[in-house]
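Heads up: the structure comes next, in structure tokens.
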Amino acid sequence: KQPARSQILEGTYQCPTDTDNPYVPLLLQVLQIPPHVQRLTPTDIGWTEHELRKSWRHCNSKTSSESTNLNFSHHIAGTYNHTVLEVDCIICTIPFELGFSPSQWNTMEDYELFKKAGVTDIEDMRTIKLMVAAYNMNNKRLGRLTMQQAEKFNLIPKEQYGSRKNHKAINCLLNKVLIWDNSRQLRLALGCLSNDAEKCYDYMIHNVTSLSMQHVGIPHEPITAMFSTLQAAANYVITAYGRSKEWYGGIKRIQLNQFPLMGAGQGNGAAPTAYANLSSAIINVMILLGFGLRFLSAISRTSISAICSMFVDDSDLWQSAATVNDKGEDVVPVLQQAADTWGGCLSATGGALSPRKSFWYLVDYKWTGHEWRYRTKDDMPAELKMKDSHGQTHVLQRLEPDQAEKTLGVHTAPDGSMEGWIEDDTGNRVPTGEIPYLRSKIDDFVNSIRSARNTANNDIWTALTTTLMKTLEYPM
């Protein structure tokens with residue numbers, strides 16, 4: 001009898017009927033390797049000396065890695081000696097081709113970075129996992145080859161913009177604005193749920209992530225080498241005071257009869273590609289169930305469809321009315337089903353949605369006798385609900401069509417404006433949006449320059465072009 005992994009990839013697996021999560025069978029169904037995909041072998045994944053030399057020399061010698069093993073500088077220097085390079089190539093290739101974790105790689109260090117300046121709450125900081133340099137170089141190669149396979153055989157849905165070449169967040173945002181424009185031109189009722197996955201790289205279940213990578217034709221051996229190292233690793237914490245004496249994970253969890261820690265780890269060279277493949281499986285489930293928006297282009301009459309606008313874990317789920325004659329009220333129950341399906345599939349992969357960071361729009365139009373107007377929340381009352389990581393149900397915040405909210409770094413609203421408002425304690429509208437945001441950035445920059453001492457003009461110009469101007473140019 002074939003193992004379950006092989007059955008899933010061949011499309012012959014029969015999922016048990018008593019599965020707790022009803023979306024698991026659908027998720028496993030879309031993980032079958034398509035017939036047109038050329039499957040790679042472990043030998044195809046292994047390094048050649050030329051490839052390893054090129055990869056090491058492309059790295060920055062100052063890149064941080066786990067502190068007790070050879071760092072990037074050692075490996076880069078080793079590429080200038082053929083014997084050292086040959087040994088390094090063998091050490092990196094054998095675990096990749098055989099699918100095991102060398103014990104020297106089973107040490108990692110957690111380092112906290114600020115997401116927002118001055119916010120020291122651990123929950124609001126980003127944990128970077130420092131790994132052994134040679135191990136992470138293998139992961140980078142695995143991620144690169146996996147994405148090449150996925151792009152070659154067109155296995156990444158057009159909706160996913162993250163971790164892909166020639167795909168930018170601002171282009172994803174532009175397409176989102178154009179979708180709102182099409183809705184307005186067609187008078188087509190449209191719902192949009194902007195949601196955010198909690199700690200996407202930290203909540204990835206290894207077995208389903210492995211399947212999503214094997215789905216594009218990658219053998220299991222290099223994936224097994226990556227995840228077995230993560231599961232066996234002793235994780236230390238490093239701060240300005242040095243490295244902790246205590247550690248967590250690895251053999252300690254095995255001794256306590258606990259499951260190994262999941263997640264790919266921020267800083268893992270293969271994590272972006274792994275999450276892109278994992279999210280692609282969820283998008284394919286949504287396509288299978290018929291969710292999303294559909295409309296005809298005005299000139300070519302081409303049918304355009306989309307499930308979401310997604311950049312890494314930031315996603316805007318779309319749901320349009322079936323025809324221009326359907327009302328916004330008809331969209332709500334379908335959008336709720338789409339939200340439940342998205343959350344259910346994410347839960348099956350180990351993730352969870354964050355209701356606190358999520359909001360939604362419901363857009364429809366009415367004729368006043370003189371012009372078309374957006375229907376307001378009072379004209380069209382509706383609720384959308386979402387479960388958090390603890391299974392608690394929350395009613396999501398709903399915004400008016402003229403309320404701009406920041407997504408992918410820019411404030412946008414369905415009515416096409418980049419300006420918004422919030423109500424203060426007295427019920428008055430306080431202006432928000434892109435202009436106040438950019439103005440605050442300019443003020444901060446000017447105040448910093450004024451308070452700086454002995455600053456040369458060239459330094460000010462460098463600071464202007466490399467910091468403030470990048471902020472101003474992005475939304476333009």
Side chain to side chain donor-acceptor pair (under 3.5 Å), that's the test. Do Arg5 and Gln214 meet it? Break it down for me. CA-CA 10 Å; Arg5 173 183 61 83; Gln214 293 177 66; 3.2 Å; yes

Judged by atom type as modelled, is there a donor-acceptor pair below 3.5 Å linking the side chain of [X] to the main-chain atoms of [Y]?
X	Y	result
Arg253	Phe259	yes
Tyr361	Gln403	yes
Tyr374	Pro414	yes
Asp326	Thr323	yes
Asp379	Thr376	yes
Thr19	Asn21	no
Arg141	Ile45	yes
Gln160	Gly162	yes
Tyr365	Arg184	yes
Ser417	Glu419	yes

Within the 3.5 Å criterion, strictly below it, is a donor on [X] or [Y] matched to an acceptor on the partner's side chain?
X	Y	value
Asp196	Ser354	no
Gln336	Asp340	yes
Thr12	Gln7	no
His215	Asn277	no
Thr209	Ser212	no
Tyr437	Lys406	yes
Tyr201	Asp313	no

Would a 4.5 Å heavy-atom cut-off, applied to side chains only, mark Leu472 and Ile442 as touching? yes

Side chains of Met226 and Ser210: closer than 4.5 Å at any heavy-atom pair? no

Can you name the residues that form a side-chain contact (heavy atoms from CB on, under 4.5 Å) with Thr466, not counting sequence neighbours? Thr462

For Gln231, side-chain contact (heavy atoms from CB on, under 4.5 Å) partners two or more places apart: His206, Pro260, Met262

Residues forming a side-chain hydrogen bond (donor to acceptor under 3.5 Å, both in side chains) with Ser65, sequence neighbours excluded: none

Pairs meeting criterion ring-ring contact (aromatic ring centres under 6.0 Å, His included) with involvement of residues 280-307, two or more places apart: none

Pairs meeting criterion ring-ring contact (aromatic ring centres under 6.0 Å, His included) with involvement of residues 314-339, two or more places apart: Trp180-Trp318

Does atom [atom1] ([X]) have a neighbourhood of more than 12 heavy atoms from anything else shown, all under 6.0 Å?
X	atom1	value
Lys54	NZ	no
Arg373	CZ	no
Asn447	CG	yes
Tyr111	OH	no
Arg144	CZ	yes
His58	NE2	no
Lys387	NZ	no
Trp461	CH2	no

Give the minimum heavy-atom separation between [X] and [Y], together with the two atoms involved.
X	Y	value
Ala270	Asn139	CB-O, 3.2 Å
Lys470	Thr465	CE-O, 3.6 Å
Gly269	Asn136	N-OD1, 2.9 Å
Gly191	Leu362	CA-CD1, 4.3 Å

Do NZ/NE/NH1/NH2 and the carboxylate oxygens of [X] and [Y] come within less than 4.0 Å?
X	Y	value
Asp364	Lys327	no
Glu109	Lys129	no
Arg439	Glu434	no

Should Asp316 and Ser194 be marked as a side chain to side chain donor-acceptor pair (under 3.5 Å) after you check the CA-CA gap, both sets of side-chain angles, and the distance that decides it? CA-CA 4 Å; Asp316 294 291; Ser194 294; 2.3 Å; yes

Rounded distance (nearest 0.5 Å) linking atom CD of Gln397 with atom CG of Leu384: 12.5 Å

Interatomic spacing from CG in Asn235 to CG in Asp110 - rounded to 0.5 Å: 5.5 Å

Got a sec, which residues hit salt bridge (charged side-chain N to carboxylate O under 4.0 Å, His left out) with Lys140, two or more places apart in sequence or on another chain? none

